[in-house]
Structure formats: C-alpha cells, structure tokens
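Quantities reported herein were computed from a predicted structural model and do not represent experimental measurements. When a ligand or atom number is given, it counts from 1 through the structure's own listing order.
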Amino acid sequence: MKNAKPPLTTYLSTNGHLRPFVQLSVVVPFFNEKDVLPLFHERLTAVLDALKQETEIIYIDDGSTDNSADIVNFAAPTSSTVRCISLSRNFGKEAAMTAGLKYTCGEAVIILDADLQDPPELIPQMLEKWKEGYDVVNMQRAVRHGETKFKRFSAAAFYKVINFLSDLDIPENVGDFRLLSRTVVNHINELPEKNRYMKGLFSWPGFVQATIQFDRDPRFSGETKWNYFKLMGLAMNGITSFSIRPLRIATLLGALIASGAFLYGIWVVIKTLALGDPVQGYPSLMVVQLGLGGVQLLCIGLLGEYIGRIFIESKGRPSFVIKTINDHPAKEKEKKEIQCA
Ligand code: UDP
Ligand code: MG
C-alpha cells in the first residue's frame, strides 16, 4: 500500500524549534510506577535498539509522588532519544497522553502503558502494519489476564453502549495501546476540546485502520489506578463527549410517558362518568408518582452531565500544566548523531 519512506529531515515541533527526524515516538504516561519502570525501560529500549531506526521515548510523569521520574531520568544510556515531561500535578491519564502526543515528532507514534500490561515486544509487529500503509493499528485484547469477570463484562457492555449511542465506531476491547500515524496525531493535536476522552479521539479522525490481537498481561506490580467510580466517570465522559443520543432518548421517553398518561386520563374519565366506577386510589398513584419522579430525575441528571461538560469547556483551561521537561543525559550525544546522519 502507500507510505513511501519519508526523507531524513528536520521537523518543527509544537514550540517551533527544529527537531531531528524521528521515525517512531513511544509515549508512556505513568503515575507512581517506581517498581515497574526500571524493567519497563529495559524491555522497551531493548526493542527500540534492535529496530536500528531513529526513535524517541516521551515519558509523561503525571504528577508522581514517588521517584518514578528519577528512574527514567537517570536510566542507562540508550540509542533512543529519551525525554521526561513532568506535569505539575496528577491530571489523569487522558491529559498525560494529550501532553505526550503534543511533544512527539515521530512519523509513527505508539502509546504504551508503563505497567507492562502492553508488551513492548509487539512494537515491530505494529510497525510492520504501519509500513503496509495503515494509519491506525489497534491492539485488541484477546485475553485480559488479571481482570475480574465483572470488569470484563462491564467493559464489553460499555463498548456496546457507546457504539450504539455514538456515531463513532470505537473498536471493542482496544485500550490506549495503539499506533497512530503522524497524520492522525496531527489531527488529534488540533482538536481544541479540553476534557478529552482519548479512546474516542483516537478513532475520530478515521483513516485506514488495522487490528492486531494480543494477550494482555496482568500488571507487573502495584494496582490499577482506576476504581469503578473512576471507570464510570470515564464511561460517562466518553458517552457525553461523543453523542447527544441520550438526550434524544430522554425526549422520546418523555413523549411516550406523556402519551401514555394522556390515554390513561381519558380512560379514567370514561370509567368514572360512563361506567360509574370511581378509580381505586393510593397504590396506583404512588407507583405512577414514583416512577415519573425517577424518570424525571434521571433526565435532569443526564442534562446536567451535558451542561457540566459545557461549563468545563467554556472555561478553556488547559488540559495539563508542565512543570519540567528533562532530556535524558545521554540524549545530547545521540541528538548530534541523528542530526549528522
Ligand atoms: N496513569 C497515569 N495517570 C493516572 C493514572 C494512570 O498516567 O492518573 C498511567 C499508569 O501509570 C499506567 C497507565 O496510565 O502507565 C495505565 O494505568 P492503569 O494500569 O492503572 O490502568 P488499567 O491498565 O488498569 O486500565
Ligand atoms: Mg494497567
């Protein structure tokens, strides 16, 4: 397919400075991952070194309170350019990925979790697909080791719901682990929204997509940063940022209930006046009252979700604040070599 190899040249980065040509950027958001980062860095750099291409690793320290950032800043020299961008506090993984994507300059970009659930050894396979001409390579979890049945069930239900409600086709069981071409990354970087649901945004630009199945390993150490409340928040965020269909369903529900009530009202009048049979009272009234009250509250809550999103977006606050950008000590030497090449 397409994708003639790009010429060895320099590119303008987001801050307007010239940066060396990079073929592959790997974005790694992390938050308090000190136990796994040494091994992660070792496994990732082993894979990248073997590629014999210009590669960069962009670590995003999402406000870690342990010494995770020091681990990557003082790691052993490697042939990749290594940069660690520390955010001023924990902004959440979506914001960390947004920051990472903004600073990449590779022709292909791969997003990787730091906890070794997404094996770095699959990178060559992803690059193969990209070289065949695919702009997005989705990594689909065939087996999700270390996850409860309930989590697997709720994840499957969530993808069904969001794909039914939104006009997007968000691939099922595909997390943030994927390869994006420079074109796709540029389009995502241009999107102005601040409250970002990345799995939706990755799919939004479209382009040619490929899917590779893989077995997702359990976390190397530590615990997932997502409890069920956070996951529900993320799911709600995903649905409300990509669809207004829930509002339409609420309107439809309102119309159905109102029509039902109108017909029932006519029936009550006929029953009382024509048949002389007064309506039996309290229980049926309570059922209708509570049922309707519940539906109304649900719809108001739904409206609130959308209004909340408008409220947050209207402030226009940035998705993240950068505290420091550290280039790996070994980088200067590597950078010169890359520029001379
Ligand atoms: N992460 C992050 N900021 C957060 C939470 C998580 O950068 O606020 C990182 C985390 O360190 C890991 C990745 O996002 O590298 C995935 O997080 P986690 O393993 O907790 O999520 P799960 O795999 O359970 O979906
Ligand atoms: Mg994980």
Side-chain angles (χ1 to χ4, degrees), residues 26-44 57-72 75 83-104 109-120 122-123 138-156 158-159 162 170-178 195-202 214-235 237-238 319-323:
V26 180
V27 173
V28 187
F30 65 82
F31 175 52
N32 291 345
E33 301 284 5
K34 72 173 168 45
D35 295 334
V36 64
L37 270 171
L39 180 64
F40 172 82
H41 187 75
E42 197 185 308
R43 274 176 60 178
L44 175 61
I57 308 172
I58 310 269
Y59 282 109
I60 310 293
D61 167 21
D62 187 16
S64 296
T65 47
D66 59 8
N67 65 342
S68 296
D70 291 342
I71 293 170
V72 297
R83 169 168 274 201
C84 178
I85 300 175
S86 290
L87 304 186
S88 58
R89 64 170 170 82
N90 179 239
F91 281 89
K93 188 184 177 192
E94 311 296 299
M97 287 189 288
T98 304
L101 289 184
K102 283 241 151 74
Y103 279 82
T104 56
V109 176
I110 289 179
I111 299 152
L112 208 56
D113 283 0
D115 58 3
L116 287 173
Q117 283 201 273
D118 309 329
L122 294 176
I123 288 177
N138 297 311
M139 299 304 285
Q140 192 170 46
R141 303 158 185 185
V143 182
R144 302 162 67 124
H145 294 294
E147 287 183 3
T148 60
K149 264 192 185 155
F150 182 68
K151 171 128 191 221
R152 276 180 238 167
F153 167 78
S154 48
F158 166 71
Y159 286 113
I162 194 163
I170 297 179
E172 285 184 33
N173 278 325
V174 177
D176 300 315
F177 182 30
R178 55 185 98 195
N195 198 356
R196 294 161 86 87
Y197 176 67
M198 296 308 280
K199 282 187 234 347
L201 294 185
F202 292 147
F214 78 109
D215 289 352
R216 194 162 201 241
D217 294 330
R219 234 177 186 280
F220 175 76
S221 75
E223 290 202 337
T224 173
K225 311 286 185 299
W226 301 90
N227 56 35
Y228 274 103
F229 279 116
K230 275 194 176 175
L231 279 176
M232 271 177 64
L234 187 73
N237 206 0
S319 321
F320 57 87
V321 175
I322 292 176
K323 186 170 68 178

For atom 15 (O) of ligand 1, which of the options Pro29, Ser68, Gly63 provides the nearest non-hydrogen atom? Pro29
Going by chain and residue number, what protein N/O/S atoms come nearer than 2.8 Å to the Mg ion (ligand 2)? Asp115 OD2, Gln117 OE1
Is the shortest N/O to N/O distance between Ala96 and ligand 1 below 3.5 Å? no
Can you confirm whether Ile110 sits close enough to Phe177 that some side-chain heavy atom of one is under 4.5 Å from a side-chain heavy atom of the other? yes
Which residue owns the protein heavy atom closest to atom 14 (O) of ligand 1, what's the atom, and how far is it? Lys93 CD, 3.2 Å
What atoms in ligand 1 come closer than 4.0 Å to a heavy atom of Asp62? 2 (C), 3 (N), 4 (C), 7 (O), 8 (O)
Students often mix this up, so state it plainly: with edges at 30° and 60°, are the rings of Tyr197 and Phe158 parallel, tilted or perpendicular? perpendicular
Roughly how far, to the nearest 0.5 Å, is NZ of Lys93 from CE of Met198? 10.0 Å
Proximal ligand 1 atoms for Asp115, defined as those under 4.0 Å from one of its heavy atoms: 19 (O), 23 (O)
Does Ser64 offer a backbone N or O that forms a donor-acceptor pair with the side chain of Asp61 under 3.5 Å? yes
Out of all atoms in ligand 1, which are within 4.0 Å of some heavy atom of Ala114? Include the element for each. 15 (O)
Shortest protein heavy-atom distance from atom 23 (O) of ligand 1, along with the residue and atom involved: Gln117 OE1, 2.8 Å
Atom 21 (O) of ligand 1: nearest protein contact (heavy atom, Å): Trp226 CD1, 3.0 Å
In terms of its nearest heavy atom to atom 18 (P) of ligand 1, the top option of Glu33, Arg216, Arg219 is Arg219
Among non-hydrogen protein atoms, atom 16 (C) of ligand 1 lies closest to Asp113 OD2, 3.3 Å
Can you tell me how far CD of Glu33 sits from CG of Asp62, rounded to the nearest 0.5 angstrom? 10.5 Å
Whether Asp118 side chain and Asp113 backbone form a donor-acceptor pair below 3.5 Å: yes
Compute the centroid of each ring, for Phe30 and then for Phe40, and state whether the two points are separated by less than 6.0 Å. no
Just to verify, what does Phe153 make a ring-ring contact (aromatic ring centres under 6.0 Å, His included) with, not counting sequence neighbours? none
Could you tell me whether a side-chain N or O of Ser68 sits under 3.5 Å from a main-chain N or O of Lys34, the two making a donor and an acceptor? yes
Can Asn138 and Arg178 be counted as having a side-chain donor-acceptor contact under 3.5 angstrom? yes
Any sub-3.5 Å donor-acceptor pair from Asn90's side-chain atoms to Gly63's backbone N or O? no
Atoms in ligand 1 flagged as close to Phe30, the criterion being non-hydrogen separation under 4.0 Å: 7 (O), 11 (O)
Do Thr98 and Phe320 touch side chain to side chain, with heavy atoms closer than 4.5 Å? yes
So do the side chains of Phe214 and Pro119 get within less than 4.5 Å of each other, counting heavy atoms only? yes
Ranked by distance from atom 20 (O) of ligand 1, the top protein heavy atom is Lys225 N, 2.6 Å
Tell me the protein heavy atom at minimum distance from atom 8 (O) of ligand 1, and give that distance in Å. Asn90 ND2, 3.1 Å
What is the closest protein heavy atom to atom 24 (O) of ligand 1, and at what distance does it sit? Thr224 OG1, 2.6 Å
